[in-house]
There are 2 protein chains.
Amino acid sequence: MTNKLPRRERQLIERENLILETARGLIRENGFLSLKMSQLAEAVEYSVGTLYTHFETKEDLLVSLAVQSISQRANLFEKAQEAKRKSRDRIYGILIARLMLAETGPEIFDIERLAASPSVWKRATQERYQKMVAMEQRCSEIVLSIIVDAISEGDLALGSVRETDIVFGLWSLTIGFHRLMLSFDDLSRVGVLDINEAVKINYCILLDSYGWQPLKDWDHNTVEKDFRENVLFFKITVDTS
Amino acid sequence: MTNKLPRRERQLIERENLILETARGLIRENGFLSLKMSQLAEAVEYSVGTLYTHFETKEDLLVSLAVQSISQRANLFEKAQEAKRKSRDRIYGILIARLMLAETGPEIFDIERLAASPSVWKRATQERYQKMVAMEQRCSEIVLSIIVDAISEGDLALGSVRETDIVFGLWSLTIGFHRLMLSFDDLSRVGVLDINEAVKINYCILLDSYGWQPLKDWDHNTVEKDFRENVLFFKITVDTS
DNA sequence: CTCATTTTTTGAGCAGTTGTCAAAAACCCC
DNA sequence: GGGGTTTTTGACAACTGCTCAAAAAATGAG
């Protein structure tokens, strides 16, 4: 737990975090496309040149933000996975984790959406891009492992459907959720009144139809409350200033 | 069928189509972000100024492309809806329509993804933005109406789930599909080997679990073949030059 | 056909952006 | 303090979206 990094390096990391957090705030207000590097430089009280010692391009900054977001997601996913609960509860915890992250702010949708594009990857540091991919992979591995565990615990029996198909199905559902959160006013127009409700219902429907036990005497609201209160915490970055 | 538009206006429309098609081709190669207006101007053999008589901003051009794509989608959806087939076939036809559109080229993912963002809407013509929204709404209405018909035809009975929840569920699945198509090399890494297969399987699973009849003696491959050959045609824009 | 008037097209240039790099400032060790 | 090293800076280069005065084309009346 004691970190032995040289002072200088610690300062650099701290500054990088400052830049990332400030950028996140600015993106929350006006989106990534209207974020200007000069504006960001002014906000963190460093020069543009200094920003570019941390990030090679603006896209590199974007990917860094994506890495942050996805890492946090992987963390929450791990907590859900490790919880001593029924497998069905744990897989539902994955959804709750996503909902909780969505509640931290709408900018993560903008960030992750834009970061998922080859034209961005090309302009980012290879190292950061690799990390993003690795983190995303970590997330899907966790989901996969919950599925595998569910099978070995006897809660789930595969028919014609493969494990990875389940990963894809559950994951697609939440992507659709992200998309709708982004273009917010589409909601009522398309007829979906409560999007959180819609995604939960469909998630449960999918679980049921995969045959994921328990099908009866299982209330997703109780599970949600449990996970929110007892399982899923955020790592709070303490500012020792 | 006889169009009585003045010659001049016809020419303008033709030129606009030329611009849109050329832009589409350039986006296919390098993505929207690396499309340059000057490059596009050169490609269509007009000046930048002329481009800007058609589109107020670059984002306006993007939204126009999105309108094209979504209109084409609505057209195919209508064909699926109007087909004299079982309701389950028709709703499956919606998925096939999306798959067929995806086959026309990967640029539509880039276009629709970027167009689904407020920071783009703000810079586009109100008129074009409205049209895009209307077209998207039309698509979801068609899906909804197939659901309603299925109920009245006795193929579908709603339990706790609302009609709009079904719209959301089916639609989310295809969004996830789009997302994976965009970041292509994620596929094997996440473990999904055949993405088309994965989306079809989950689509059918959802239909089954909504209780959409017929559940037995229904082969999606046969339906797909039927729709591809007999129901879903593209409108071919004939060049009378 | 002529020429004045209107409409359309043009592309050099403006404003605003990302990203660079020589020089200034800060730091470090003697 | 002084010489050398590292870090920061911000003016500037390079490039882009977009404009608008002027050129070119179309129109149409005589």
Side-chain angles (χ1 to χ4, degrees), chain A residues 5-20 22-23 26-27 29-65 111 114-115 117 119-126 128, chain B residues 5-20 22-23 26-27 29-65 111 114-115 117 119-126 128:
Chain A
L5 280 172
R7 179 172 52 88
R8 167 85 191 142
E9 279 192 48
R10 268 182 293 128
Q11 284 178 342
L12 278 182
I13 291 174
E14 209 169 309
R15 190 170 69 186
E16 191 152 312
N17 284 337
L18 171 69
I19 296 171
L20 287 171
T22 311
L26 292 172
I27 291 170
E29 283 163 28
N30 292 102
F32 178 75
L33 293 178
S34 40
L35 170 75
K36 308 300 164 201
M37 294 305 268
S38 52
Q39 170 201 24
L40 178 58
E42 201 176 356
V44 295
E45 294 184 286
Y46 284 98
S47 69
V48 252
T50 304
L51 293 189
Y52 280 93
T53 63
H54 287 271
F55 309 101
E56 278 188 10
T57 60
K58 199 185 164 189
E59 285 81 0
D60 200 29
L61 170 68
L62 177 65
V63 172
S64 291
L65 286 164
I111 291 168
L114 290 174
S117 149
S119 52
V120 168
W121 307 339
K122 275 188 299 198
R123 314 214 64 230
T125 324
Q126 207 57 19
R128 287 211 168 88
Chain B
L5 280 173
R7 178 174 51 87
R8 166 86 190 140
E9 280 192 48
R10 267 182 294 128
Q11 284 178 341
L12 279 182
I13 290 174
E14 209 170 310
R15 191 170 67 186
E16 191 152 314
N17 284 337
L18 172 69
I19 296 171
L20 287 171
T22 310
L26 293 172
I27 291 170
E29 283 163 28
N30 292 100
F32 178 76
L33 292 178
S34 39
L35 170 75
K36 309 299 165 202
M37 294 305 267
S38 51
Q39 170 201 26
L40 178 58
E42 201 176 355
V44 295
E45 294 185 287
Y46 284 97
S47 70
V48 245
T50 304
L51 293 188
Y52 280 94
T53 63
H54 288 271
F55 309 100
E56 277 187 10
T57 60
K58 198 185 165 190
E59 286 81 0
D60 200 29
L61 169 69
L62 177 65
V63 172
S64 291
L65 286 164
I111 291 168
L114 290 174
S117 151
S119 53
V120 167
W121 307 340
K122 276 189 297 200
R123 315 215 64 231
T125 324
Q126 207 57 19
R128 287 212 169 87

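Nothing here was measured: the structure is a model prediction, and the numbers come from that model. So you know, we letter chains A, B, ... as the sequences are listed, proteins then strands, and number each from 1.
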Rounded to the nearest Å, what distance is computed from the [atom1] atom of residue [X] to the [atom2] atom of nucleotide [N]?
{"X": "Leu51(B)", "N": "dT10(C)", "atom1": "CG", "atom2": "P", "answer": "9 Å"}
{"X": "Lys58(A)", "N": "dT17(C)", "atom1": "NZ", "atom2": "P", "answer": "9 Å"}
{"X": "Met37(B)", "N": "dT10(C)", "atom1": "CE", "atom2": "P", "answer": "14 Å"}
{"X": "Leu40(A)", "N": "dT17(C)", "atom1": "CG", "atom2": "P", "answer": "14 Å"}
{"X": "Tyr52(A)", "N": "dG19(C)", "atom1": "OH", "atom2": "C1'", "answer": "5 Å"}
{"X": "Lys36(B)", "N": "dT16(D)", "atom1": "NZ", "atom2": "C1'", "answer": "7 Å"}
{"X": "Gln11(A)", "N": "dT6(D)", "atom1": "CD", "atom2": "P", "answer": "17 Å"}
{"X": "Glu42(A)", "N": "dA11(D)", "atom1": "CD", "atom2": "C1'", "answer": "16 Å"}

task: Spell out, as yes or no, whether a donor-acceptor pair under 3.5 Å connects the side chain of Trp121(B) to the backbone of Ala115(B).
output: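 Yes; at least one donor-acceptor contact below 3.5 Å.
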- prompt: Where the side chain of Thr57(A) meets the backbone of Arg123(A), is there a donor-acceptor pair that is under 3.5 Å apart?
  reply: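 Looks like yes, one N/O pair under 3.5 Å.
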Min side-chain heavy-atom separation Leu40(B)-Val48(B) under 4.5 Å: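 They are not in side-chain contact.
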- prompt: Distance only, no hydrogens: is a donor on one side chain within 3.5 Å (strictly under) of an acceptor on the other, for Ser47(B) and Thr50(B)?
  reply: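 Judged by distance alone, the side chains do pair up.
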- prompt: Of the candidate nucleotides dT16(D), dG11(C), dG10(D), which contains the atom at the shortest distance from the side chain of Ser47(A)?
  reply: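 The closest nucleotide is dG10(D).
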- prompt: Given dC18(D), dT10(C), dT9(D), which nucleotide is nearest the side-chain atoms of Tyr46(B)?
  reply: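 Closest of the options to the side chain of Tyr46(B): dT10(C).
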Please check the phosphate of [N] (OP1 and OP2 only) for any side-chain N or O of [X] closer than 4.0 Å.
{"X": "Thr50(A)", "N": "dT9(D)", "value": "yes"}
{"X": "Arg8(B)", "N": "dA26(D)", "value": "no"}
{"X": "Arg123(B)", "N": "dG17(D)", "value": "no"}

message: Which is more 5' along DNA chain C, the nucleotide nearest Ser38(A) or the one nearest Gly49(A)? Just name the residue.
response: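 Taking each residue's closest nucleotide, the earlier one in sequence belongs to Ser38(A).
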task: Classify the nucleic acid contact of Leu33(A) as base, sugar-phosphate or nothing, counting any heavy atom under 4.0 Å across all strands shown.
output: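 Since no nucleic acid heavy atom lies under 4.0 Å of Leu33(A), the category is nothing.
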task: Check Leu26(B) against Ala43(B) and note the closest heavy-atom contact, atom names and distance.
output: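 Between these two residues, the closest heavy atoms are CD1-CB, 4.4 Å.
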